[in-house]
Every structure is written in C-alpha cells, then in structure tokens.
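Accompanying notes for the structure given below.
Just so you know, ligand 1 is whichever comes first in the structure, and atom 1 is the first atom listed for that ligand.
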Amino acid sequence: MNNSPANPSADKLISNIRKEKEDKFELQSPVKAVGSEFDRAMMRRCLELARRALGLTSPNPMVGAVIVKDGEIIGEGFHPKAGEPHAEVFALKAAGDNARGATIYVSLEPCNHYGRTPPCSEALVAAGVAKVVVGMVDPNPLVAGGGIDRLRSAGIEVVSGVEEEACRKLNEGFIHRILYKKPLGILKYAMTLDGKIATSTGHSVWVTNQDARNTVKELRAQCDAVVVGGNTVRQDNPRLTSRLLGAHNPLRVVMSRSLDLPSTAHLWQIQEAPTVVLTEPGANPDLQEFLRKQGVEVVELSPLTPDKAMTYLYDKGFCSVLWECGGILAASAIASRAVQKVLAFIAPKIIGGNNAPTPVGDLGFTTMTQALALERVEMRIVGSDCLVSGYLPQGDR
Ligand SMILES: Nc1nc(O)c(N)c(N[C@@H]2O[C@H](COP(=O)(O)O)[C@@H](O)[C@H]2O)n1
Ligand SMILES: [Zn+2]
C-alpha cells in the first residue's frame, strides 16, 4: 500500500512541517554532538582501549589514546596502571616519528604536571602533533585545563568535549574521588517484584537469573572494593569475586562490630582475593588472630561507620566501592552518604512474607515527601530481570 499523499501541495506541506520540526530540534537540542562523525568514532575507540584496564588503574583514571594521520590510525595506547606511562605516551611510542603533524585523540585531557610520570603535554609538543582532540577536561586540580592551555600556547589546535558524556561515565569513580575525596559508593541489591531480598527464613539463593548474576561479577571486576556486613557473611557465605577469566577481583571488605563471624566462611577459607575485615577496637581477639593467620587483614576503626570505611578505602587509593550488603548496613550507608549510586536488580517473582527482609532498612522517614528520588534513572532488561539504576540526590536531606 502506498501511503504517501497524492496531492503535490500536501507533499510540500509535509516536507515544510518536517523541516520546521528539524530546525526546532536543532534549536532545542540541549547537547549538540561535538566533533565530526570520524572524531566521535576515534574517541569511542579511545574508550574501548581505556576499558582494557578496567578496575586496574585506581587512583588513576582509565584513559585511551589514538593517533591518526591521513585518515589512518598510526598509534594506539591506554593507561594500564598507576605508576606506568599514560595512554598518550604509549600511543606516541607506537606512532614513532610519524606522530609529527598528526592528530591525537585522548579520552582525558593530557596532563600538565609531574606526578608519578612526566607531563604528557610536553611529550605531545615535543612529538610535534598538529591537533589534540580531548574527551573531557581533567578534574584533577593539578591539570584542570592546564594541559589544554599548554598545548594551545605551543600552537597546537585543541578540540575538547568529544563523546564527553561517555568519557565522564567511564571515569565516574575517578571524578568522584577527585571532587569529594571519597570513592564513589555504589549500592547494589537484588530483590523480588514484591521488594524482598530473601524469604522470611533468610533464603536468598537465587533471587535473580544467571545473566543478572554475571552482570554483578562484571561490576565487581570494575570496582576497587566490595563491602558486606557480618550478617551477609553469616547468612549467604559469599565469595565476592568477579570469577571472570583473567578479570580483576576487588578487595573484599567485611564490616563487623562484634566480629561474631564463622571461621568456616568462604572469604577466608578460599583465598582467591585479598580480604580486609573492619571492626572496632578489642572485638573478638581470638577471631582476629585466626583471621590474620588466614592472611586476612584486620583493621580496627573507632567508631566503625560506613563513612569511616570509605575514608579508609579512599586512603588506599580507591575510586569505586560496591556495597553488596543487607538492608541495615545499606540504610546506614545511604544515611551517611557513603553511597551515591544505586543499582537494583528486580526479578519478576513474588515471595511475600511480612518479615521477609527488604533491601534498605529504616531511614527514619515518616512521609513520602522524604523519599529519596533517584536522578538520571536508567532501566534495562538483564535476562529475565530488570536493572534500575540511578543516583541519590546530593542536596540537603
Ligand atoms: N591524560 C591522561 N592520560 C592518562 O593515561 C592518565 N593516567 C592521566 N592521568 C592524570 O594524571 C594523574 C596521574 O598522574 P601520574 O600517573 O601520577 O603521573 C591523574 O590523577 C590524572 O589527573 N591523564
Ligand atoms: Zn599524562
């Protein structure tokens, strides 16, 4: 069936309306893509390279770089680990003398300071690149636009903000660490459609499907640490590893005031990743001795709070911390602002139970107006479950 109008003046009218709509969109569109289609494709390649070091670079960001000359990629690199050269240096090394007159794409502004490594801005000037295309400005106060200024002052053309949102998303932990002097806290939980994380007898294996559980393993591989409370160790006996071939395992952190923990727990019986137990001074000295013998680090914090735990993990150089705890600790982490992001896996199952536990315990709220409305909410289907993610409001609570 032909559904185009037979009348030529109607044709013209429709095309005018279309044009008007396109112009309006152009005017109203809040973010106009920066750079050409080619620039954006090169920046996405930088992000792909940067992701090769997922979970390995803290306290540094993940960064990728691509050098292009006459439309051809002549060098690529990524930052593998803090203390090792930056992405730009690897890309320059791969391009060699050919870098003269070329364009370099880099997902983060080139640094302009002496840190563990010398400034990339100077390396780019020395290599004679003609143009630098940047994904995002570095929030590190030691850089913060200084790298771009230095390149421009050397006569190099600089374009910034290409695929900026994706660049920021990849390094949201690094950005949070720099801005707030704390790692980004991510609360993850899995619940049934009626909002329960276990039956009233505590049975929780498995709320979600295999795809969702694999997604959690990927998440662990991206984070520097994963935190649980003593209840989770006693009830679920988790391993908290990424269990992905060759993937990084996060530091496993248990918060327990009483240190009333089973000596048989997988966390210290299967030594597959480093483990730290955070407790209060003087708690259960016998278990402390046993844990230390098992290679577990025991750290006494006074008082033991989510905020203190996050300060401890910041001092370790961490950018992102996954909270996989039960409802009581989750409520305490939210109340003390140790958590900024929430990932909720929702399984289309109903288990009922007046006393079945829920993912977030008492926050002391009495009216719906106090509800914490997540921002930048996204939803996606993972296998047979739904993953809802968003950010907790940062303003006054
Ligand atoms: N542009 C850029 N590329 C990389 O590959 C990077 N790792 C960074 N990091 C920035 O420099 C700081 C770390 O410097 P050192 O590794 O200690 O020399 C880091 O905080 C970022 O600001 N930038
Ligand atoms: Zn650098």
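Geometrically, ligand 1 and N140 share a nitrogen or oxygen pair separated by less than 3.5 Å.
Looking at E109 against ligand 1, only its backbone comes within 4.0 Å, counting heavy atoms.
At the shortest separation from atom 23 (N) of ligand 1 among protein heavy atoms lies L108 CD2, 3.6 Å. Protein heavy atom closest to atom 5 (O) of ligand 1, with residue, atom name and distance, is A87 N, 2.8 Å. In this structure, atom 10 (C) of ligand 1 lies nearest to the protein heavy atom D138 OD2, 3.5 Å.
Judged purely by distance below 3.5 Å, without hydrogens or angles, the side chains of Y105 and E76 never pair a donor atom with an acceptor atom.
R152 has no carboxylate O lying under 4.0 Å from a charged side-chain N of E157, or vice versa, which leaves the two without a salt bridge.
The only option from I67, V66, V68, I156 that meets the side chain to side chain contact (heavy atoms under 4.5 Å, CB included) definition with I104 turns out to be I67.
Under a 4.0 angstrom heavy-atom cut-off, C120 registers as lying outside contact with ligand 1. Contact analysis puts H113 in contact with ligand 1, with a non-hydrogen atom separation below 4.0 angstrom.
Among heteroatoms of the N, O or S kind in H86, ND1 lies nearest the Zn ion (ligand 2).
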Practice item. Before giving the answer on side-chain contact (heavy atoms from CB on, under 4.5 Å), spell out for E109 and M136 the whole-Å C-alpha distance, their side-chain angles and the decisive distance to 0.1 Å. Key: CA-CA 6 Å; E109 173 187 6; M136 61 172 279; over 6 Å; no
